[in-house]
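Position 1 is the first residue of the sequence, and the numbers go up from there.
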Amino acid sequence: MRKITLLVAFVLVGLVATTVHAGEKYKIGLCMASLDTFLSSMAQAAIDHAEETGIVELSLVDAQDDTVRQTDQVTTLIENGVDALIINIVETTAAPRLIEAAKVKNIPIVFVNRNPFFNVGDGQPPDNCWVVSSNSILEGAVGMEYVGEKLGGKGNIVILMGMLGQESATNRTEGVRQVIREKYPEINILASETGNWFRDQGMSVMENYITAYGDQINGVCSNNDEMAIGAALALQANGMRDKVVVVGVDGTRDGIQAIESGLIDASAYQDPVAQGAGSIDIAISVLRGENPPERRILLPVEAVTRENLDRFKK
């Protein structure tokens with residue numbers, strides 16, 4: 001499934017780097033917010049594709065979810081003379097500082113996975129920036145559509161949010177809320193708290209929800225698979241797993257396995273390979289002086305369930 005999605009994405013944008021120009025070589029900095037389960041897959045896809053092109057020297061740095069650290073790393077890469085930056089940003093509010101620093105040196109930026117321009121004007125990146133991501137609102141909405149259908153449009157849910165201040169956490173949660181407002185007004189949100197993307201924190205938050213709300217909980221919408229798995233384990237330990245619908249986002253290998261085993265019910269799949277490799281191709285296209293047809297490449301999102309699981313197994 002990954003290869004199919006990747007091929008479709010590249011055909012749509014028309015940016016596969018197939019022709020190597022004589023003497024062509026580019027230094028690109030890959031700045032990751034962190035290297036969790038999903039983001040590690042995306043970073044590895046970028047590394048693998050950079051190697052495949054034969055023209056990219058890639059420098060990987062990990063901010064460990066620290067905005068100050070990421071700003072320092074970007075500054076260092078700029079000082080070291082990279083030709084382009086690919087940034088998986090920690091906090092979208094930091095984007096203007098990074099953009100300005102790169103612009104001084106005429107260095108293009110490709111923001112990957114997290115879109116810092118989602119709520120800015122018409123959402124168009126500035127002249128030296130591009131975005132390769134999925135639609136975070138849609139990622140939250142896909143999961144909530146599944147939960148709403150399973151609950152018959154009535155009941156109570158809880159939300160597990162990612163790290164506060166990050167675009168994906170904000171907009172995935174908004175996607176859940178939009179679906180409830182527009183389609184399932186008889187579904188009530190009991191609570192929404194952050195689990196910071198981690199399984200153990202998702203489990204801890206879910207245990208608190210169980211203590212506070214008990215059998216009132218009918219569904220769990222998690223901003224990622226890791227927290228969804230943690231929530232499901234907490235429900236299982238309290239004899240409630242079969243009574244509650246649990247969905248995540250990402251469609252990671254662990255998430256797919258959790259769906260297959262019945263631990264969680266569904267996930268909104270976003271393709272880490274298409275995002276990681278696609279960001280490399282966008283960067284190459286820009287450095288060649290080509291004009292990418294879109295400044296924002298939004299890749300498809302779809303629900304992974306037990307019924308269609310075979311399409312997503314890796």
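The closest side-chain heavy-atom distance from Thr173 to Asn223 is below 4.5 Å. Between Ile28 and Ile86 the shortest side-chain heavy-atom distance falls below 4.5 Å. Using a 4.5 Å cut-off on side-chain heavy atoms (C-beta onward), Gln166 and Asp65 make contact. In this structure, Pro108 and Leu85 have side chains that are not in contact, with every pair of non-hydrogen atoms separated by 4.5 Å or more. No side-chain heavy atom of Glu174 sits less than 4.5 Å from a side-chain heavy atom of Thr170. Proximity of Leu233 to Met206: side-chain heavy atoms (C-beta onward) are nowhere separated by under 4.5 Å. When side chains are defined from C-beta on, Ile256 does not count as touching Glu260, because their heavy atoms never get closer than 4.5 Å. Contact annotation: the side chain of Thr37 never approaches that of Arg253 to less than 4.5 Å [non-hydrogen atoms, C-beta and beyond].
Atom OG in Ser40 sits 9.0 Å away from atom CD1 in Ile47 (nearest 0.5 Å). For the atom pair Leu235 CG and Glu207 CD, the distance stands at 9.5 Å (nearest 0.5 Å). In this structure, Asn88 CG and Met42 CE are separated by 4.0 Å, a value rounded to the nearest 0.5 Å.
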Practice problem: Given side chain to side chain contact (heavy atoms under 4.5 Å, CB included), test Cys221 with Leu160 step by step and report yes or no. | Solution: CA-CA 6 Å; Cys221 286; Leu160 287 168; over 6 Å; no
Self-check item: Stepwise side chain to side chain contact (heavy atoms under 4.5 Å, CB included) test for Glu290 and Arg288
Solution: CA-CA 5 Å; Glu290 299 166 356; Arg288 284 175 167 173; 3.5 Å; yes
Quiz item: Under the side chain to side chain contact (heavy atoms under 4.5 Å, CB included) criterion, do Thr71 and Leu98 qualify, and how do the steps go?
Solution: CA-CA 7 Å; Thr71 300; Leu98 303 183; 4.0 Å; yes
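Comment: Asp127 does not engage Lys103 in a salt bridge, judged by the lack of any side-chain N to carboxylate O separation of less than 4.0 angstrom. Of the charged side-chain nitrogens involved, at least one lies within less than 4.0 Å of a carboxylate oxygen, so that Asp265 and Arg241 count as a salt-bridged pair. Of the charged side-chain nitrogens involved, none lies within less than 4.0 Å of a carboxylate oxygen, so that Lys105 and Asp83 do not count as a salt-bridged pair. Under a 4.0 Å N-O distance rule, the pair Lys183/Glu149 does not qualify as a salt bridge.
Residues that satisfy the side-chain hydrogen bond (donor to acceptor under 3.5 Å, both in side chains) test with Asp310, not counting sequence neighbours, are Lys313. Listed by chain and residue number, Phe117 satisfy the ring pair (Phe, Tyr, Trp, His ring centres under 6.0 Å) test with Phe111 (two or more places apart in sequence, or in another chain).
Residue-environment remark: CG (Asn106) stays at or below the threshold of 12 foreign heavy atoms within 6.0 Å.
Using a 4.5 Å cut-off between side-chain heavy atoms of Ile, Leu, Val, Met, Phe, Trp and Tyr, Met144 falls into a hydrophobic cluster with Tyr146, Val147, Leu151, Ile157, Ile159, Met161, Leu164, Val176, Val179, Ile180, Tyr184, Ile187, Ile189, Val245, Val247.
Residues Lys25 and Val56 approach most closely at NZ-N, 4.4 Å, considering heavy atoms. In terms of heavy-atom proximity, Ser133 sits nearest to Val131 at OG-CG1, 3.6 Å. The two residues Leu39 and Met32 come nearest to each other via the heavy atoms O-CE, 3.6 Å. The two residues Ile137 and Gln178 make their nearest non-hydrogen contact at CG2-OE1, 3.7 Å. Contact record, Ala102 with Ile109: CB-CD1, 3.7 Å, taken as the closest heavy-atom pair. Smallest separation of non-hydrogen atoms from Arg69 and Asp62: CD-O, 3.6 Å.
Asp66 places a side-chain N or O within 3.5 Å of a backbone atom of Val68 that can act as its donor or acceptor partner. At distances below 3.5 Å, at least one donor-acceptor pair connects side-chain atoms of Ser222 with backbone N or O atoms of Asn224. A distance-only check finds no donor-acceptor pair linking the side chain of Tyr209 to the backbone of Gly214 [under 3.5 Å]. Side-chain atoms of Ser267 come within 3.5 Å of backbone atoms of Gly251 as a donor-acceptor pair (strictly under, hydrogens ignored). Put simply, the side chain of Asp271 never gets that close to the backbone of Val301: no donor and acceptor are under 3.5 Å apart. A donor-acceptor pair is defined here as one N or O able to donate and one able to accept, closer than 3.5 Å; no such pair exists between the side chain of Arg295 and the backbone of Trp130. Thr76 places a side-chain N or O within donor-acceptor distance of the main-chain N or O of Asp72, the cut-off being under 3.5 Å. Between the side chain of Asp250 and the backbone N or O of Phe38, no donor-acceptor pair lies under 3.5 Å.
If you check the side chains of Gln216 and Asn156, you find no donor sitting under 3.5 Å from an acceptor. Glu167 and Asn115 share no donor-acceptor pair across their side chains, judged by distance under 3.5 Å alone. One side chain, Gln275 or Gln270, offers a donor N or O that lies under 3.5 Å from an acceptor on the other. With no hydrogens or angles considered, a side-chain donor-acceptor pair links Arg177 and Ser192 at under 3.5 Å.
With hydrophobic clusters built from ILVMFWY side chains whose heavy atoms lie under 4.5 angstrom apart, Val286 shares a cluster with Val110.
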